[in-house]
Structures are given as C-alpha cells and as structure tokens.
Amino acid sequence: MASPGRAPALRRVAVLSVHTSPLAQPGTGDAGGMNVYVLQTARELAQRGVEVEIFTRATSSATEPVQEAAPGVLVRNVVAGPFEGLDKRDLPTQLCAFAAGVLREEARRERGYYDLVHSHYWLSGQVGWLARDRWGVPLVHTAHTLAAVKNASLAEGDTPEPAARQIGEQQVVDEADRLIANTVEERDQLVSIHGADPEQVDVVAPGADLTRYHPGDRAAARAELGLDPAETIVTFVGRIQPLKAPDVLLRAAAAMPDRAVRVLVVGGPSGTGLDRPQALIELAAQLGISDRVTFLPPQPPARLAQVYRASDLVAVPSYSESFGLVAIEAQACGTPVVAADVGGLGVAVRDGETGLLVAGHRTDDWAAALTSLVADPGRRARLARAAPEHAAGFSWRHTADGLLASYTAALEDRHLVTVPSGIAAPRGPLRTRGMWKLRRT
Ligand code: UDP
C-alpha cells in the first residue's frame with residue numbers, strides 16, 4: 001500500500017451511505033457507529049484538502065437537499081422512496097432510484113468531478129459499483145458488518161440476515177477495487193468467506209474523537225446527569241437490539257451479590273426482538289432490579305462523554321461487533337470496559353490491562369467478571385489509568401491516514417492498467433478482478 005498522504009489526483013470523494021445519514025443522532029434506529037465513522041473521516045479528509053460529498057437517502061421532506069456537515073463536507077439527501085416509514089428490509093427496492101440520484105448529480109458536473117467512490121455497507125456498495133463503472137474511478141468499499149458473520153452468532157430470537165444480503169455482499173467484494181476492514185480478523189473473513197484478494201484489503205482501525213472523549217471530573221459528570229455520587233455504575237451505550245445484548249448486562253447485574261451496581265442503559269430502540277426499551281424495562285422488573293436500572297435516551301457526544309466519565313465500568317456484551325466505537329470512547333474517557341470477546345472488541349479492549357474480555361454470554365460469567373472489578377477498586381483504578389493511553393492509539397486522524405493510503409493505492413492501481421491499444425484504463429464491464437495490475441501505462 002502506498003504511504004499515507006494526499007494522493008496527487010484526489011480532490012473529491014463521493015461517499016455513499018444509503019441507509020443512514022451521517023447527520024442522524026447515533027444510538028437509535030439504524031444510526032450507530034457507521035454514521036460516526038462516515039462523518040468523522042469526512043471531516044478529517046476535508047481538513048487535508050480532499051472534498052467529501054456524502055450521498056444518503058432523504059428521510060424527511062423538511063431537510064434541505066444539500067447540507068454542509070463541516071467545511072468541505074456536503075451531505076446530499078437523495079430522494080429515493082418515501083421519506084418516512086420505509087423499513088430497512090425494503091431498502092433494496094430503492095437502490096435503483098438512489099443510484100439514479102447519484103448519477104444525475106454527477107452528470108450535472110464537468111467530467112471527472114469525483115475522483116473516487118467510497119461506499120459504506122453493502123447497500124451502498126451496490127450503487128458504488130455502478131457509479132464506479134460510469135465515472136471510470138476506483139471503488140473503495142467498507143462492509144462494516146457481514147451477514148455471514150452476523151448470522152453465525154445471532155442472539156436468541158434474533159432474525160437472521162437474508163440470503164439476498166450475502167449475495168449482495170459477495171457482488172460488492174467482487175467488484176470493489178479495494179476493501180477496508182476494521183481489523184485483521186475482518187480482513188481474514190473477507191478472504192475466507194467472500195474470496196477477497198488479501199492484497200486488495202486494507203486494515204484501517206476506526207477511531208474516536210479524542211478532543212471530545214477524554215478523562216474528566218466524575219463527580220461533576222454524575223451531578224450533571226443526576227446520578228448518585230456513591231453508587232457503582234455499570235453502563236451500556238448503544239442501539240437497543242438483541243445483537244447488542246443489553247439483556248446480558250441486566251441479567252448479570254441481577255446475579256451479582258448485594259445488588260452491587262446500578263445499571264445505566266443509554267440508547268434507543270433499533271431492529272427487531274428485544275429492541276423496545278419497554279422489553280428491557282419488563283426484563284428489569286422480572287429480575288427484580290427495576291430500582292437499580294436507569295434508562296437514558298440517545299445522547300449527543302458532549303453528554304455521552306459525561307456518561308462515560310460518570311460510569312465505573314462500561315459493558316459491551318454484543319454477540320457480534322465489527323469493532324465497537326463505544327469501547328474506545330469509554331476508555332478514552334478513562335473508564336474500563338468489560339466486553340464480549342467477539343470481533344473487533346478483542347482489539348478495542350486490552351484484556352486485563354484496560355478492561356476485561358468475557359468469553360460467551362452466560363450470566364454467571366458476566367456476573368463474575370463484573371464482580372471481580374467492582375470488588376477491587378484498586379484494580380479498577382489501574383485499568384482506568386491505562387485506558388486513555390490505549391484509546392489514544394485510535395484517532396480519526398489515524399483512520400483518515402489509512403483511508404488516504406487505500407485511496408492512493410486504488411488510484412495508482414487504476415493508473416497501472418492499460419488496454420492492448422494503449423488507450424486509457426478500461427471502464428465498465430471490461431474490468432475483471434486481477435486484470436488491474438497488468439502493466440504501467
Ligand atoms: N452513540 C451516541 N449516542 C448514544 C449512543 C451511541 O452518539 O446515545 C454513538 C457512540 O458514540 C458510538 C456509536 O453511537 O460512536 C455506536 O458505535 P458502535 O461501534 O459502538 O456500535 P454500532 O452502532 O456501530 O453497532
């Protein structure tokens with residue numbers, strides 16, 4: 001891969017995020033880490049002089065068609081299907097309309113307006129490869145999650161991802177010029193499940209906004225949030241859905257001796273199954289810990305930083321997690337994390353140094369892990385001291401460096417290609433994987 005830095009020909013990137021706007025409040029519905037990722041990396045790229053235009057599906061008639069998210073970062077809200085009420089499962093029916101919106105935008109510009117397409121999640125990848133063919137630019141794709149991986153570790157009662165998604169993901173892997181994986185494990189999955197060329201996959205870790213997430217005064221944070229200064233608080237932050245497993249934390253808290261902790265649940269409903277906060281409220285009642293559980297709606301970043309600071313521990317019990325931004329953000333605020341040993345969480349948390357990794361989701365194991373830290377404030381303090389330094393290795397600046405290196409490699413690979421007549425690089429269906437690095441023009 002080429003060294004980081006601004007690629008010579010890279011002036012403007014079209015970023016595709018079909019199913020969720022980077023301007024949506026994360027922590028509920030379909031808005032989560034991907035939204036944060038898209039917005040933060042776009043900001044970083046723009047600060048280095050690369051303009052970013054993010055295309056997303058319009059979900060409100062009240063929103064302007066074009067919004068400036070930050071200097072050099074535009075969000076284009078493409079009308080594709082009804083503004084409201086379209087189920088995520090029905091989004092594939094609107095990909096044609098969305099693609100038309102993206103292609104029409106480019107058609108209004110001078111040729112070569114976008115230098116590269118970066119698609120996020122498979123729905124965007126489907127549109128990305130069409131744009132790539134039409135514009136003759138590279139397609140870089142980030143899957144964020146893979147259906148096959150998700151389906152292999154579903155929560156009880158969770159709905160498996162449909163075969164159509166797996167087929168779609170395979171197509172995007174086949175078509176993309178380069179793929180971005182959050183971790184080495186994810187790269188290996190792209191290779192083993194979808195046959196990606198390992199050379200084509202760049203491992204780029206996501207980050208956290210370290211200017212926002214840093215240690216602070218716990219007592220002040222508790223006062224601001226109206227939390228008891230003396231209680232031991234274990235917090236869950238994220239979309240409330242079976243895959244994120246907030247119920248695992250509730251069950252563990254109920255099994256801990258002496259009702260030792262208060263559980264703070266921050267986030268809103270998303271997906272199917274245990275998604276309604278109401279279901280979690282009912283579970284807390286069944287477990288007899290209603291008075292030990294506090295629910296907060298999704299919080300904007302400044303308040304969320306206070307939530308992390310106010311917490312003694314943050315729990316991330318997910319069944320599957322591509323990375324887990326919450327784990328990094330919490331550690332950046334000086335709060336140790338107890339996480340399930342799945343996916344990227346093994347990278348995000350240093351087991352025994354900045355938190356604990358728990359194998360599986362058994363109530364006893366989770367109760368034991370939490371109790372081991374709750375009962376040992378000295379150890380907790382050691383983990384808390386080490387956490388920000390570990391988190392400092394994950395900044396969006398660093399992520400943007402990785403993206404730029406990947407973009408540069410994608411642009412250079414395209415430059416390496418020639419067709420027999422010696423005319424410029426092939427466009428459209430002429431491309432076949434593996435043909436690209438034949439000869440330098
Ligand atoms: N988040 C937020 N407010 C909330 C809950 C979550 O801003 O109330 C953000 C959080 O800061 C994090 C993201 O949502 O950046 C969740 O990302 P993560 O990778 O942990 O989970 P995902 O949603 O991608 O599955």
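Only a predicted model underlies this, so the values are computations on that prediction, with no experimental measurement involved. We count ligands from 1, going down the list as the structure has it; atoms in each ligand are counted the same way.
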Which of the atoms in ligand 1, numbered in the order shown and given with their element, are less than 4.0 Å from a heavy-atom of [X]?
X	answer
G27	5 (C), 6 (C)
E321	21 (O), 25 (O)
P298	8 (O)
R239	22 (P), 23 (O), 25 (O)
V266	8 (O)
L304	1 (N), 2 (C), 3 (N), 7 (O), 10 (C), 11 (O)
Q25	2 (C), 3 (N), 7 (O)
V237	5 (C), 6 (C)

*Among side-chain atoms of D312 and T232, is any donor-acceptor pair under 3.5 angstrom?*
no
*Residues two or more places apart in sequence or in another chain: which of them pass salt bridge (charged side-chain N to carboxylate O under 4.0 Å, His left out) with E44?*
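In terms of salt bridge (charged side-chain N to carboxylate O under 4.0 Å, His left out), with neighbours along the sequence ignored, E44 is linked to R48.
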I'd like to know if the side chain of [X] and the backbone of [Y] have a donor-acceptor N/O pair within less than 3.5 Å.
X	Y	answer
S124	V18	yes
R350	H390	no
N35	S21	yes

*Y114 vs W135 aromatic rings, parallel, tilted or perpendicular, using cut-offs 30° and 60°?*
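Ring orientation, 0 to 90° scale: parallel.
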_Whether Y319 and H361 hold their rings parallel, tilted or perpendicular, with breakpoints at 30° and 60°_ =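 Ring orientation of Y319 relative to H361: parallel.
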*Among R165, H144, E169, whose side-chain hydrogen bond (donor to acceptor under 3.5 Å, both in side chains) with Y121 holds?*
R165
*Determine whether any heavy atom of F236 lies closer than 4.0 Å to an atom of ligand 1.*
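F236: no contact with ligand 1 (<4.0 Å).
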*So is P301 in contact with ligand 1, going by heavy-atom distances below 4.0 Å?*
no
_Heavy-atom closest contact (W366 atom, G360 atom, distance)_ = NE1-O, 3.0 Å
What is the closest protein heavy atom to [atom], and at what distance does it sit?
atom	answer
atom 25 (O) of ligand 1	K244 NZ, 2.6 Å
atom 24 (O) of ligand 1	G33 N, 2.8 Å
atom 15 (O) of ligand 1	E329 OE2, 2.6 Å
atom 9 (C) of ligand 1	P26 CB, 3.6 Å
atom 20 (O) of ligand 1	V326 N, 3.1 Å

*In this structure, are over 12 heavy atoms from other groups packed under 6.0 Å from H214 atom NE2?*
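Enclosed: over 12 neighbouring heavy atoms sit under 6.0 Å from NE2 of H214.
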_Positive for side-chain contact (heavy atoms from CB on, under 4.5 Å) with E53, one of L74, V102, V75_ = L74
Return yes or no for this condition: an N or O of [X] is under 3.5 Å from an N or O of ligand 1.
X	answer
G238	no
L325	yes
G32	no

_R212, H144, Q299: member with heavy atom nearest to atom 8 (O) of ligand 1_ = Q299
*asked:* I'd like to know if R382 pairs up with E353 as an ion pair, taking the criterion as any Lys NZ or Arg NE/NH1/NH2 lying under 4.0 Å from an Asp or Glu carboxylate oxygen.
replied: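 Salt bridge flag = no for E353 with R382.
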